[in-house]
Amino acid sequence: MSTVLVTGATDGLGRALATRLAGNGATVLAHARSEERGRETLGELLDGPGDVRLVVGDLASLQAVRALADQVPDRLDVLVNNAGIGFAGGREESEDGYELRFAVNYLAGFLLAALLRDRLVASAPARIVNVASAGQQAIDFDDVMLEDGYDGARAYRQSKLAQIMHSFDLAAELEGEGVTATALHPATFMATKMVTGAGITPASTVQEGLEATWRLVADPALERVSGGYFNGTSEARADAQAYDADARRRLRELSERLVGS
Ligand SMILES: NC(=O)c1ccc[n+]([C@@H]2O[C@H](COP(=O)([O-])OP(=O)(O)OC[C@H]3O[C@@H](n4cnc5c(N)ncnc54)[C@H](OP(=O)(O)O)[C@@H]3O)[C@@H](O)[C@H]2O)c1
């Protein structure tokens, strides 16, 4: 069975996915922001019968993302960029001085995919699954870091659209390499801390989001499906900017600059 890296495995959808993967015999690289947070939330899973290994790194630090990639073995079948922060609260910056939601929700996954690319290709058939959202907003390239009139919902939505744009680019880049890339909206307002913390009444269960995510991660029928954006289990249309090749190029070039590659 596969080796799967799940970022943000300490809570919500990521923890549910890690638990299901472990129960199905996968080697799970369960990611936590720190060793302490991982032990506190994943103790049962780490000590259980499955092959679950803790990998750590605060995604608000590009240096920590690089250190996280160093903990990943040569064999990697699936990368799930799931970790994220919601829209509650004011403007914050990452350790590198970037707008925090852009940095954690998108840029960390961008760098991780680049650092793990060769391992995924060597393990092909392999997959990259970006857990994005139906909440999307076009990126204003004149103010990507949202310094002017910050709005948390906008910060969240642009980071989620960036993930989808990245998935489309990855799918094209990895065509013929046996590595697929997809993005999805798992479910609307699942009962997780991201939703309840923003004062929103949950409208779906983590189980619903898990089913949608599981398909892209593990369903053999989707082994060759690449480049799509899924709303739950249905292929859907993302924000128009995702289909704008020039916008994707601008985002890619900016991201490469920001991660220093
Ligand atoms: N909930 C929804 O209805 C919904 C809808 C659409 C899309 N999504 C997406 O689904 C994904 C999972 O969300 P969720 O609802 O399961 O949220 P959640 O319960 O809040 O879990 C988020 C996970 O990300 C981790 N994380 C956040 N910041 C981090 C950082 N700086 N470094 C390392 N890890 C970090 C959290 O770690 P800690 O446990 O340490 O905080 C946690 O494991 C997100 O990408 C979200 O945007 C969710």
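Just follow the structure's listing: the first ligand is 1, and inside any ligand the first atom is 1.
- Short contacts between ligand 1 and D58, defined as distances under 4.0 Å to a heavy atom of the residue, involve ligand atoms 30 (C), 31 (N), 32 (N).
- Put simply, no part of R15 is less than 4.0 Å from ligand 1, judged by heavy atoms.
- Nearest non-hydrogen protein atom to atom 32 (N) of ligand 1 is L59 N, 3.0 Å.
- If you check which protein heavy atom lies closest to atom 43 (O) of ligand 1, you get T10 OG1, 2.7 Å.
- For ligand 1, the atoms sitting less than 4.0 Å from at least one non-hydrogen atom of V131 are 9 (C), 10 (O), 11 (C), 45 (O), numbered in the order shown with element in parentheses.
- A salt bridge is defined here as a Lys NZ or Arg NE, NH1 or NH2 lying under 4.0 Å from an Asp or Glu carboxylate O, and D74 with R119 fails to meet this definition.
- Ranking the protein heavy atoms by distance from atom 44 (C) of ligand 1 puts N82 O, 3.1 Å first.
- The M194 neighbourhood of ligand 1 comprises atoms 13 (O), 15 (O), 17 (O), 20 (O), 44 (C), 46 (C), 47 (O), with distances under 4.0 Å to a heavy atom of that residue.
- For ligand 1, one of its N or O atoms has an N or O atom of M190 under 3.5 Å away.
- Side-chain atoms of T7 and L112, non-hydrogen and from C-beta on, do get closer than 4.5 Å to each other.
- No donor-acceptor pair under 3.5 Å is formed between the side chain of K160 and the backbone N or O of N105.
- The aromatic rings of Y106 and H166 lie perpendicular to each other, with more than 60° between the two planes, well past the 30° mark.
- Linking Ile, Leu, Val, Met, Phe, Trp and Tyr residues whenever their side-chain heavy atoms come within less than 4.5 Å places V55 and V104 in a single cluster.
- Using a 4.0 Å cut-off between charged nitrogen and carboxylate oxygen, R127 and D77 do not count as a salt-bridge pair.
- The option with the heavy atom closest to atom 18 (P) of ligand 1, from among E208, Q163, K193, is K193.
- Considering backbone and side-chain N/O of F189, one or more are found under 3.5 Å from N/O of ligand 1.
- Less than 4.0 angstrom separates some heavy atom of K160 from each of these atoms of ligand 1: 44 (C), 45 (O), 46 (C), 47 (O).
- In this structure, L5 is a member of the same hydrophobic cluster as V65, with clusters built from ILVMFWY side-chain heavy atoms closer than 4.5 Å.
- Atoms of ligand 1 found under 4.0 Å from any heavy atom of V195, numbered from 1 in the order shown, are 1 (N), 2 (C), 3 (O).
- Which of S133, P186, A187 comes nearest to atom 5 (C) of ligand 1 through a heavy atom is settled by distance: it is A187.
- Ligand 1 has an N or O atom lying under 3.5 Å from an N or O atom of R33, backbone or side chain.
- Regarding atom 7 (C) of ligand 1, its nearest protein heavy-atom neighbour is A132 O, 3.0 Å.
- Every atom of ligand 1 is numbered from 1 in the order shown, and the set under 4.0 Å from a heavy atom of A60 is 31 (N).
- Within ligand 1, counting atoms from 1 as listed, the ones closer than 4.0 Å to a heavy atom of L13 are 16 (O).
- Ring planes of Y243 and F168: tilted class, angle from 30 to 60°.
- Closest to atom 8 (N) of ligand 1 among all protein heavy atoms lies Y156 OH, 3.7 Å.
- Remark: D11 engages R37 in a salt bridge, criterion side-chain N to carboxylate O under 4.0 Å.
- Y156 is not listed as a side-chain neighbour of L161, based on a closest heavy-atom distance of 4.5 Å or more.
- The G12 neighbourhood of ligand 1 comprises atoms 16 (O), 19 (O), with distances under 4.0 Å to a heavy atom of that residue.
- Under the 4.0 angstrom criterion for non-hydrogen atoms, A64 is not in contact with ligand 1.
- Using modelled atom types, one finds a donor on one side chain and an acceptor on the other under 3.5 Å when comparing D51 with T27.
- Heavy-atom proximity to atom 22 (C) of ligand 1, evaluated over S204, G84, G8, is greatest for G84.
- Close N/O approach between H185 and ligand 1 is not found [any backbone or side-chain N/O within under 3.5 Å].
- Closest to atom 34 (N) of ligand 1, if we only count protein heavy atoms, is H31 CE1, 3.6 Å.
- Using a non-hydrogen distance threshold of 4.0 Å, G57 registers as a contact of ligand 1.
- Any N or O atom pair closer than 3.5 Å counts here, and T192 shares at least one such pair with ligand 1.
- Screening T180, N130, N81 against S167 for a side-chain hydrogen bond (donor to acceptor under 3.5 Å, both in side chains) leaves a single residue, N130.
- We find that R20 and E211 are joined by a salt bridge, their nearest charged nitrogen and carboxylate oxygen being less than 4.0 Å apart.
- Side-chain polar atoms of Y150 and E92 form no donor-acceptor pair below 3.5 angstrom.
- With respect to E253 and R257, no salt bridge is recorded, no charged nitrogen being found less than 4.0 Å from a carboxylate O.
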